Engineer: 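This is the structure, below, for whatever I ask next.
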Protein chains: 2
Amino acid sequence: MADQTDFDIRSFLPYLLNQAAEESSLAFQHHYKQRYGMLRTEWRVLFHLGRYGAMTANAIGTRAKMHKTKISRAVAALEKKRYLTRQKVETDRRRELLTLTRTGQTVYADLCAVAGDYDAQLLAPFSADEQALLKRALERLAKL
Amino acid sequence: MADQTDFDIRSFLPYLLNQAAEESSLAFQHHYKQRYGMLRTEWRVLFHLGRYGAMTANAIGTRAKMHKTKISRAVAALEKKRYLTRQKVETDRRRELLTLTRTGQTVYADLCAVAGDYDAQLLAPFSADEQALLKRALERLAKL
DNA sequence: CCCTAATAGTTGAATTTGTAACTAACAAGC
DNA sequence: GCTTGTTAGTTACAAATTCAACTATTAGGG
């Protein structure tokens, strides 16, 4: 049992993680929001399709741990922007395969470059060992 | 300029941070949500008042990097639950000092114990050095 | 086949959050 | 002591998220 008098919320791990997540998401948000009018849910879907190729909404949900309603609306928005197309799966017509269009791939490539640079910038203050440890720790905490 | 073909969203730091933050917040959320009907904004305000004593809404905002509307609503909710009271500051009647009631302090103490245990549990897989590095890195990323 | 259960995905309503405009109180200059 | 500007906090409205119910399709008995 912990002693509550010396417990400081500012070193509480979930709190620290939230603060770091918010702060680090802020600068990158500008790019997909201002330049492409996308929401966070939308670029996440875009990134998964861009990196791992065509897949169903359900598959994205499993990978990204996103709820299916979020994905449904993100997919609808991306379709409206003509960044992706849907195609019913022959063998199971409930599911539909999502594929990036040429435009979608271009946007993906552009944002990838930005994200890569930004990531490097965030990691710059840390040594290679520290970077590796940080990522391992976060993956573990995220239960990935 | 990064090469976009080897860029993986799953090692993108803001993404990892978000996943870890969500996952780690989940288990603790149960306690303040189910047992006390509080939102995240509310327990944050409660924790700050519990740890650092009576202060104004503005002071909480600075410390916790929370927007003033969030705080305003959280304070109203906590007041309704009778976890805190307000008192106009004599010398500047725009501001009001927020103070935890006896009940609020009890809830705070209870949640502190839970949070302390949970924090220890989250950190258990890591060595002391790793824990220290992790916290330092997160503080830096959060610009605290 | 037909009935029930399960799954993929969508939609609508209720919460929650974010943005901007607002009130009230103070401060500074004239 | 007015006028202008600034700050503390609230409120109204819009945007986003969550939750629950819904449709359509498939799967598995009997």
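Every chain is numbered from 1 and lettered A, B, ... according to where its sequence line falls, protein lines coming before strand lines. This structure is a prediction, so every number in the text was calculated from the model and none was measured.
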Engineer: Could you state the CD-P distance from Glu96(B) to dG9(D), rounded to the nearest angstrom?
Structural biologist: 6 Å
Engineer: If a pair satisfies salt bridge (charged side-chain N to carboxylate O under 4.0 Å, His left out) and one of its residues is in residues 12-24 of chain B, list it, with sequence neighbours excluded.
Structural biologist: Lys65(A)-Glu23(B), Lys143(A)-Glu23(B)
Engineer: Please produce a list of atom pairs where a protein N or O lies less than 3.5 Å from an N or O of nucleotides 23-26 of chain C.
Structural biologist:
residue	atom	partner	partner atom	Å
dC26(C)	OP1	Arg93(B)	N	2.8

Engineer: With sequence neighbours excluded, what pairs up with Arg44(B) under the salt bridge (charged side-chain N to carboxylate O under 4.0 Å, His left out) test?
Structural biologist: none
Engineer: Would you please name every residue forming a salt bridge (charged side-chain N to carboxylate O under 4.0 Å, His left out) with Arg95(B), sequence neighbours left out?
Structural biologist: Asp92(B)
Engineer: Output all residues satisfying salt bridge (charged side-chain N to carboxylate O under 4.0 Å, His left out) with Lys68(A), sequence neighbours left out; order by chain, then residue number.
Structural biologist: none
Engineer: Got a sec, which residues hit side-chain hydrogen bond (donor to acceptor under 3.5 Å, both in side chains) with Tyr83(B), two or more places apart in sequence or on another chain?
Structural biologist: none
Engineer: Quick one: side-chain hydrogen bond (donor to acceptor under 3.5 Å, both in side chains) pairs with a partner in residues 96-105 of chain B, sequence neighbours left out?
Structural biologist: Arg86(B)-Glu96(B)
Engineer: Can you list the residues that meet the side chain to side chain contact (heavy atoms under 4.5 Å, CB included) rule with Ser11(B), with sequence neighbours excluded?
Structural biologist: Lys135(A), Asp8(B)
Engineer: Taking only residues at least two apart or on different chains, which pairs with a member in residues 25-37 of chain B satisfy side-chain hydrogen bond (donor to acceptor under 3.5 Å, both in side chains)?
Structural biologist: Asn18(A)-Ser25(B), Tyr32(B)-Trp43(B), Arg35(B)-Asp110(B), Tyr36(B)-Asp110(B)
Engineer: Does Arg140(B) come within less than 4.0 Å of Glu130(A), counting only side-chain N to carboxylate O?
Structural biologist: no
Engineer: Within this structure, what is the CG-to-P distance between Leu78(A) and dG9(C), rounded to whole angstrom?
Structural biologist: 15 Å
Engineer: So if I take residues 25-49 of chain A and measure heavy-atom distances to DNA chain C, which residues fall below 4.0 Å?
Structural biologist: none
Engineer: Give, ordered by number, those residues of residues 60-75 of chain A having at least one heavy-atom distance below 4.0 Å to an atom of DNA chain D; if nothing qualifies, reply none.
Structural biologist: Thr69(A), Lys70(A), Arg73(A)
Engineer: Only distances under 3.5 Å count here; give the side-chain donor-acceptor pairs of residues 69-77 of chain A to other protein atoms, sequence neighbours excluded, each with its distance to 0.1 Å.
Structural biologist:
none

Engineer: Please report the distance, rounded to the nearest Å, between CG in Leu97(A) and C1' in dA8(C).
Structural biologist: 13 Å
